[in-house]
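One structure is given below, encoded as structure tokens.
All ligand and atom numbering here is 1-based and tracks the order in the structure.
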Amino acid sequence: MTEINTAAETAAPHRYTAAMAADIEARWQDAWDAEGTYEAPNPTGDLAGDAATVDRPKKFIMDMFPYPSGAGLHVGHPLGYIATDVFARHARMTGHNVLHTLGFDAFGLPAEQYAVQTGTHPRVSTEANMENMKVQLRRLGLGHDKRRSFATIDPEYYRWTQWIFTQIFDSWYDDEARKARPIAELVEQFENGTREVPGSRDWSALSAADRADVLGEYRLAYASDAPVNWCPGLGTVLANEEVTADGRSERGNFPVFKAKLRQWNMRITAYADRLLDDLDALDWPEAIKLQQRNWIGRSEGARVDFQVGDAGAITVFTTRQDTLFGATYMVLAPEHDLVEKIVPGAWPEGTHDVWTGGHATPSEAVDAYRKQAASKSDVERQAEAKDKTGVFTGAYATNPVSGEQVPVFIADYVLMGYGTGAIMAVPAHDARDFAFARAFELPMRCVVEPSDDRGTDPAAWDDAFGSYEAKLINSANEEISLDGLGVVEAKEKITSWLADRGIGEGTVNFRLRDWLFSRQRYWGEPFPIVYDEDGIAHPLPESMLPLELPEVEDYSPRTFDPDDADTQPETPLSRNEDWVNVTLDLGDGPKKYRRETNTMPNWAGSCWYELRYLDPNNSEKLVDPAIEQYWMGPREGMPTGGVDLYVGGAEHAVLHLLYARFWSKMLFDLGHISSAEPFHKLYNQGMIQAFVYRDSRGIAVPAAEVEERDGAFWYQGEKVSRVLGKMGKSLKNAVTPDEICAEYGADTLRLYEMAMGPLDVSRPWDTRAVVGQYRLLQRLWRNIVDESTGEVTVADEPADEDTLRALHKAIDGVSQDMVAMRFNTAIAKITELNNHLTKSGGAVSRPVAEQLVLLVAPLAPHIAEELWRRLGHTESVVHQDFPVADPAYVVDETVTCVVQIKGKVKARLEVPPSISDAELEALALGDEHVVAALGGAEIRKVIVRAPKLVNIVAG
Ligand code: ANZ
């Protein structure tokens with residue numbers, strides 16, 4: 001390749017080649033950095049700048065920031081970064097103050113695991129990875145405001161992550177006001193008696209520990225002993241979202257057990273309704289909104305109390321309160337607190353054999369069953385196809401409408417974490433209850449008349465009848481009858497009947513659970529929490545932040561036999577006694593404290609990073625309110641404010657996006673920010689896929705060395721198979737941006753990635769096709785620069801009509817495509833214009849050349865900057881105005897259509913080339929010359945050959 005280039009360079013020393021691209025790109029990257037070309041001014045503060053720019057409309061354009069992986073980038077990673085860069089450049093050229101930057105999400109497990117294996121501090125390997133990625137990214141010519149970049153591991157950043165945690169810890173959710181408020185205001189209400197202390201206790205008489213417990217029930221960040229997903233193999237607990245459908249850890253594939261451990265949680269459930277409602281105001285893909293809605297899972301139903309003798313009442317959550325007369329047994333989740341209270345000493349008289357599980361007493365049966373249930377994940381427990389298991393508790397409850405005594409079971413298909421952890425079972429109308437009732441020989445009663453021909457005796461059915469489209473039957477007592485009502489009316493009637501008697505109420509239930517927020521890891525943000533000698537948690541004051549991670553010898557949490565459920569986590573930080581035990585003055589004199597030794601999950605840093613880009617050096621506040629208001633505040637069409645464009649992969653549909661929304665809402669409620677939503681517009685880019693080639697043993701072979709012959713693929717003489725898959729080192733098909741930059745230049749890479757197809761669709765990488773975009777840039781160059789002399793060849797004469805049409809049509813099309821992020825079709829239009837100029841021959845008119853360069857600038861900024869300067873400009877192309885189409889040239893060209901009557905031309909019409917036969921016929925028959933020529937004669941036939949000919953047979 002070098003040889004060919006040398007020959008070409010001798011013949012045409014000023015041709016656009018990879019070497020020239022490398023020179024141009026490096027030069028302009030340096031110049032842009034030196035001149036701060038991409039720095040966006042803030043309205044105030046240390047990054048304040050040019051007032052005229054600040055006065056422009058703003059655009060805040062963001063990517064989901066990367067984790068600095070040791071493997072570096074392959075060409076799939078920058079797809080989104082290039083797209084936002086093109087969009088941002090176009091926005092700059094259309095009069096916006098554009099904030100575009102990129103940081104690193106740098107806490108996380110790979111660095112920690114590497115540290116465990118090699119003893120290298122995670123900070124050291126993470127920083128090396130970041131340096132490497134920065135070099136790779138810089139080469140792509142991304143127009144980032146580098147002053148605003150940071151990594152989540154920077155103490156000056158996580159200082160504010162910790163500070164936000166203390167704010168969350170010090171707040172509660174006021175259900176009436178529907179917002180978070182400072183916990184001090186709750187304390188005040190307890191003190192002055194305007195709010196009752198739970199359990200009707202006297203606040204002033206409570207001990208400090210009791211008060212802390214009471215407040216713990218309200219705080220938005222709270223520690224609890226709730227059952228968590230404990231993974232002995234990893235030595236850490238996991239969020240529900242990190243556990244796979246078959247009850248194993250997403251990472252490492254170890255078994256996960258339910259265990260009661262004291263852990264930090266975030267009360268995201270308090271925001272369930274707002275997280276749901278505010279989705280409506282967001283410009284997000286419907287698919288993502290739907291995933292969030294399902295995740296939040298709003299169900300309307302009722303709570304109903306079933307009395308269990310003197311032991312109290314079991315409250316169930318049901319979405320089908322209309323079927324209450326059909327509730328023939330009940331089920332508690334095995335972990336339910338009431339179980340101990342209701343279990344009698346012995347099996348009641350006449351207990352069915354299949355109900356006891358073969359155990360001598362109810363408590364034995366319950367204990368055995370609880371153990372068995374603890375080893376299963378929620379998903380496993382809920383699997384539809386699964387055989388239903390359970391045992392009788394020995395207790396009976398009273399159905400409040402039928403008055404019947406119904407047996408109470410525990411069964412793992414009822415989850416503790418949903419509703420009230422207890423259900424009324426209506427086997428005739430619920431599939432899971434039906435299967436359970438069959439297995440345990442429980443009675444069934446049909447209370448909704450089947451609309452099919454199965455009859456009303458469930459004993460004869462194969463499955464439950466679950467439809468809503470039917471009428472109630474068998475549902476009446478002396479006081480109330482639901483018979484003959486539809487489901488909706490029946491629900492309403494029974495709900496108010498229950499409410500009148502104080503044994504039930506209509507309620508809304510959410511599937512969303514509180515967010516388990518602690519991890520037993522080293523490489524995360526330390527909690528800004530210390531415990532006093534009574535074990536009461538205290539947040540650290542702002543002056544003690546950041547609380548930096550201590551240096552440790554051993555980064556690994558203690559891991560255990562993956563199958564040993566009876567183990568307890570031991571955190572890496574807990575082994576550091578000097579750091580853990582401290583004497584601090586938290587305002588009441590020096591005292592001994594013990595630090596929290598868990599760390600935050602790796603989602604924490606990405607919950608608020610958009611805010612820090614705005615004001616990255618602020619040492620007084622997480623963000624100056626005026627700056628936040630300027631970039632993110634609500635405005636027309638964006639009632640909840642937020643980032644103007646956020647681009648990233650669809651895999652973040654729920655976790656990151658939900659957590660970030662939640663933090664925004666809390667910060668909004670507490671008055672720190674004006675935007676109640678972080679990301680107004682979300683866009684999911686597709687994936688760049690790559691062919692994977694496998695030999696006969698199924699092992700991936702290096703894709704770069706595979707040859708294609710006779711429609712088959714060969715590697716070292718052996719035939720290999722080809723499928724489309726992911727790109728990556730392990731599949732031996734990774735292509736790095738560095739390789740493509742070296743061979744063609746970054747501008748070619750950018751164009752190729754943007755031209756591959758619609759941005760939101762996944763597409764296969766094809767290195768051989770990259771050259772197509774390289775040739776486009778070579779032709780562009782040749783249209784402006786003489787390849788042998790290097791002189792600019794443009795002419796000062798105005799362009800011809802044809803060229804002006806081609807130019808303005810391109811401007812019009814590209815402008816629309818840029819705004820709609822249709823970069824592939826924008827490139828097609830630019831190519832068409834460029835080809836038109838090539839074909840026209842002769843020197844290109846200067847204004848046309850300049851506008852073409854401006855059109856190209858967002859996509860291929862380096863070559864555009866170079867040509868722009870060579871065309872004699874001293875200011876960067878980056879801040880020029882994007883061309884505006886002249887409508888006079890945009891209208892379609894016309895063709896002349898002849899209209900003949902009896903073979904003689906009677907009229908000529910100027911029509912668009914795309915006109916349809918029908919339109920043309922109508923036009924011809926309405927033309928005044930044609931009407932005159934016909935003179936009222938009868939039209940016998942019209943032959944239309946759009947767009948050129950209409951032949952009328954008349955007379
Ligand atoms: C009686 C009934 C009759 C029910 C019927 C359904 C159909 P969604 O819509 O997902 O909210 N349920 C309630 N809590 C549960 C728990 N902790 N574990 C397992 N199942 C639980 O589902 C609500 C329904 O799921 C509730 O309505 C309850 O069963 C069950 F013909 O009550 B239903």
Per-atom contacts of ligand 1 with R432, taking only distances under 4.0 Å to non-hydrogen atoms: 20 (N), 25 (O), 30 (C)
Out of all atoms in ligand 1, which are within 4.0 Å of some heavy atom of T323? Include the element for each. 3 (C)
Using a 4.0 Å heavy-atom threshold (strictly under), name the region of V426 that reaches ligand 1: side chain, backbone, both or neither. side chain
Test: R248 and D246 ion pair at under 4.0 Å: no
Minimum heavy-atom distance P458-A428, with the two atoms named: CG-CB, 4.0 Å
Is atom NZ of K179 surrounded by more than 12 heavy atoms (other residues, nucleotides or ligands) closer than 6.0 Å? no
Number the atoms of ligand 1 from 1 as they appear, then name those within less than 4.0 Å of a heavy atom of F317, with their elements. 11 (O), 13 (C), 26 (C), 28 (C)
Check the orientation of F527 and W264. Use parallel for under 30°, tilted for 30 to 60°, and perpendicular for over 60°. parallel
Strictly below 4.0 Å, N to O, side chains only: are R370 and E340 in salt-bridge contact? yes
Nitrogen or oxygen of M416 less than 3.5 angstrom from that of ligand 1: no
Would one find an N or O of T319, backbone or side chain, under 3.5 Å from an N or O of ligand 1? yes
T318 to ligand 1: N or O pair under 3.5 Å? yes
Check: S299 N/O within less than 3.5 Å of ligand 1 N/O: yes
May I ask you to establish whether R181 and Y218 are in a cation-pi arrangement, using a distance under 6.0 Å from NZ or CZ to the six-membered ring centre and at most 45° from the ring axis? no
Tell me whether the rings of F392 and Y396 are parallel (<30°), tilted (30 to 60°) or perpendicular (>60°). perpendicular
If I apply the N/O under 3.5 Å rule, does R320 come out as touching ligand 1? no
